[in-house]
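We count residues from 1, following the sequence as given. Side chains are part of it too, since the values below use all heavy atoms of this structure and drop only hydrogens, waters and symmetry mates.
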Amino acid sequence: MDRFVIRGGARLCGTITIKGSKNAALPLMAATLLTDEPVILDDVPDLADIGNMRRLLEELGVRIDGDGRSGPEVAGARLAFQVIDPAQCHARYDIVRTMRASICTLGPMLARRGEARVSLPGGCAIGQRPIDLHLRGLEALGATIELDSGDIVARVPKSGRLRGARIFLGGPFGSTVLGTANVLSAAVLAEGRTVIEAAACEPEIVDLVRLLTAMGARIEGAGSPRITIDGVERLGGAVHAVMPDRIEAGTYMCAAGITNGDLTLRNCPIDAMIAPLDALERIGLIITTDPTAPDPLRAEARVTCSRLLRPVQLTTQPHPGFPTDLQAQFMALLCLAEGNSVITERIYPERFLHVAELTRMGASVIRQGPTAIVSGVRRLVGAPVMASDLRASASLVLAGLAAEGVTEVNRVYHLDRGYEQMERRLQMLGADIAREREPGHAEPEVVVRAGARQRASV
Ligand code: EPU
């Protein structure tokens with residue numbers, strides 16, 4: 001297992017190209033199951049979760065061409081997908097347990113192959129993550145669903161095709177992102193019209209609709225809570241570029257803020273980041289964007305900081321509200337604000353595993369149920385800390401960049417699921433950060449050592 005060793009205090013400066021979005025790419029990759037024709041995806045990031053989805057799709061009979069590697073100045077790689085063996089319908093526990101997003105193969109496989117068997121995802125560090133809404137939506141389309149040896153087994157009705165329906169996808173915490181992706185991806189091949197009410201409005205759903213439309217689907221209302229789908233008999237191939245990652249962009253913006261840095265983000269989806277940008281400005285960061293940029297999903301944004309960070313109140317909500325996937329990173333930033341901030345988590349009320357670790361670094365955070373009160377401190381102090389999930393890990397890296405002394409972030413495999421080469425990208429922006437093997441593991445001691453401190457393009 002790897003860890004990061006960070007010597008805090010360096011001011012991050014330079015330019016970084018934001019990679020394609022993990023959370024957009026995963027359902028897009030699953031949607032390639034909907035056709036026998038080739039689907040080409042550009043700007044796919046090189047991440048552990050993408051590798052897992054790739055392995056899963058290959059097991060499900062998809063041929064994937066492209067090595068997945070890309071340079072630092074581009075958003076990602078080109079991958080070509082083509083179904084060559086539609087008889088393989090079982091997403092096995094071995095893969096599903098490594099990545100919950102495997103669940104988004106369920107809808108496409110069911111609609112195209114008439115049957116799907118997907119292992120039920122297990123527990124998750126950020127709290128309970130049921131899939132009842134996914135299943136309810138597919139049942140409304142006429143699927144029969146049963147549980148067999150820990151697998152969800154879904155089948156189309158005897159008529160051989162799913163049928164359109166009006167479906168309500170709201171749950172106790174709002175809409176469901178992957179649930180919307182699943183039901184949408186099944187409804188495109190259903191007979192007749194489907195109306196999804198309380199659909200997720202996340203930009204990643206809009207990106208999925210862009211691909212499905214390019215494949216021949218008929219969909220209206222993406223980005224709103226009501227999506228209308230008129231089913232078609234077949235879909236064809238398409239070429240599509242994955243949208244840039246708004247969470248990666250927000251994380252690097254926090255890195256600029258916490259190190260009093262000056263970063264320019266290329267390929268930045270500012271149009272999908274209204275709430276985090278508003279919060280950063282309230283905290284005191286200065287964000288300059290070009291209002292005439294031809295594509296506000298792929299714009300350039302410069303982030304600078306006037307030393308003083310102000311406290312704010314944040315509540316995570318479904319899009320366009322403040323995203324839960326940036327809550328931990330903003331908490332790290334607010335640990336150094338002058339005053340008390342209040343952060344309320346309305347999507348995953350238990351997603352606070354980073355609190356105890358930040359406290360080990362001198363942060364002052366009190367948690368009361370789904371709310372954390374962060375009292376700003378003058379300085380954070382380096383310490384060994386444990387990464388517990390993807391975004392919590394990112395918050396510990398941010399805290400380490402600003403802390404006095406050395407911070408060791410252990411178990412960074414969580415980070416590798418969602419941030420491409422984070423340590424190298426931070427090094428090139430001037431951070432002193434190294435990836436090492438955790439002691440007790442046989443691999444060589446130091447894998448990468450920090451170097452460049454000059455302004456660089458990452
Ligand atoms: N929920 C239900 N029933 C369901 C599905 C969800 O009650 O059937 C609840 C969840 O427990 C949660 C809320 O609804 O409280 C929202 O969950 P959602 O289904 O929207 O989450 P998801 O689709 O499984 C995606 C992202 C997450 C992100 C959430 C919320 C991917 C691969 N994952 O998960 O990303 O936090 O939406 O925006 O797209 C991450 O990248 O770190 C990450 C966890």
Side-chain angles (χ1 to χ4, degrees), residues 22-41 44-68 77-122 131 134-135 137-138 141 143-156 160-162 178-179 181-190 208 211-212 215-217 234-238 240 242 417:
K22 163 181 88 78
N23 288 350
L26 294 170
L28 292 172
M29 289 169 77
T32 65
L33 290 163
L34 285 164
T35 176
D36 294 342
E37 293 182 21
V39 176
I40 293 169
L41 296 180
V44 181
D46 187 10
L47 300 169
D49 271 9
I50 298 293
N52 287 330
M53 181 57 95
R54 197 179 162 136
R55 238 168 10 109
L56 173 58
L57 290 175
E58 282 169 345
E59 279 204 21
L60 296 175
V62 182
R63 198 182 77 199
I64 304 175
D65 292 320
D67 68 6
R78 165 169 282 208
L79 294 181
F81 301 79
Q82 186 159 21
V83 172
I84 49 170
D85 181 5
Q88 308 302 325
C89 294
H90 188 187
R92 292 180 307 109
Y93 182 61
D94 273 1
I95 299 188
V96 176
R97 74 189 168 88
T98 62
M99 184 187 56
R100 296 182 57 84
S102 310
I103 190 69
C104 54
T105 56
L106 181 63
M109 208 162 26
L110 170 70
R112 178 73 184 128
R113 302 181 179 181
E115 184 177 336
R117 178 182 273 266
V118 177
S119 177
L120 198 57
I131 54 156
H134 302 231
L135 302 185
L138 295 176
L141 293 172
T144 56
I145 308 239
E146 57 190 53
L147 202 61
D148 177 35
S149 313
D151 293 336
I152 304 153
V153 183
R155 293 191 181 87
V156 296
R161 216 171 146 195
L162 297 170
L178 291 182
N182 244 333
V183 175
L184 179 61
S185 305
V188 288
L189 288 180
L208 174 62
L211 171 66
L212 294 172
M215 291 167 74
R234 58 178 297 281
L235 293 174
H240 175 82
V242 179
R417 290 185 37 224

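Residues Leu135 and Leu106 are in side-chain contact: their nearest non-hydrogen atoms beyond the backbone lie under 4.5 Å apart. Using a 4.5 Å heavy-atom threshold, the side chains of Val44 and Leu28 count as separate. Using a 4.5 Å heavy-atom cutoff, the side chains of His134 and Ile152 are not in contact. Put simply, the side chain of Asp65 does not reach to within 4.5 Å of the side chain of Gln82, judged on heavy atoms.
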- Verdict with supporting geometry, Arg100 and Leu178, side chain to side chain contact (heavy atoms under 4.5 Å, CB included): CA-CA 10 Å; Arg100 296 182 57 84; Leu178 291 182; over 6 Å; no
- Would you check, one step at a time, whether the test side chain to side chain contact (heavy atoms under 4.5 Å, CB included) holds for Val118 with Met109? CA-CA 10 Å; Val118 177; Met109 208 162 26; 4.0 Å; yes
- Arg234 vs Asp36, side chain to side chain contact (heavy atoms under 4.5 Å, CB included): CA-CA, chis, key distance, verdict: CA-CA 10 Å; Arg234 58 178 297 281; Asp36 294 342; over 6 Å; no
- Trace of the salt bridge (Lys or Arg N to Asp or Glu O under 4.0 Å) decision for Asp148 with Arg117: CA-CA 9 Å; Asp148 177 35; Arg117 178 182 273 266; 2.7 Å; yes
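Expressed to the nearest 0.5 Å, how far CD of Glu59 lies from CG of Asp85 amounts to 12.0 Å. Taken to the nearest 0.5 Å, the CG atom of Leu79 stands 10.0 Å off from the CD1 atom of Ile40. Going from atom OG of Ser102 over to atom CZ of Arg55 covers 9.0 Å, rounded to the nearest 0.5 Å. Asn52 contributes atom CG, which lies 7.0 Å from atom CD1 of Ile95 (distance to the nearest 0.5 angstrom). Atoms CE and CD1, on Met29 and Ile50 in that order, are 5.0 Å from each other to the nearest 0.5 Å. Put simply, CZ on Arg112 and OG1 on Thr35 are 6.5 Å apart, with the number rounded to the nearest 0.5 Å.
Heavy atoms only, all atoms of each residue included: Ala238 and Leu211 are closest at CB-CD1, 4.1 Å. The two residues Pro108 and Leu33 make their nearest non-hydrogen contact at CB-CB, 4.0 Å. Taking both residues in full, the closest heavy atoms of Gly107 and Asn182 are given as N-OD1, 2.7 Å, listed atom of the first, atom of the second, then distance. Ala24 approaches Val242 most closely through the heavy-atom pair CB-CG1, 4.0 Å. For Ala181 against Pro27, the heavy-atom pair with the smallest separation is CB-CB, 4.1 Å. Closest non-hydrogen pair, Ala111 versus Ala186, comes out as CB-O, 3.6 Å.
Shown here are the side-chain hydrogen bond (donor to acceptor under 3.5 Å, both in side chains) partners of Asp67, two or more places apart in sequence or in another chain: there are none. Applying the salt bridge (charged side-chain N to carboxylate O under 4.0 Å, His left out) test to Arg417 and every residue at least two apart in sequence or in another chain returns Asp49.
Within the 3.5 Å criterion, the main-chain N or O of Gln88 finds a donor-acceptor partner in the side chain of Arg113. Judged purely by atom type and a 3.5 angstrom limit, Glu37 uses its side chain to pair as donor or acceptor with the backbone of Gly237.
Looking at Leu235, Leu141, Leu162, Leu110 one by one, the single match for side chain to side chain contact (heavy atoms under 4.5 Å, CB included) with Leu189 turns out to be Leu235.
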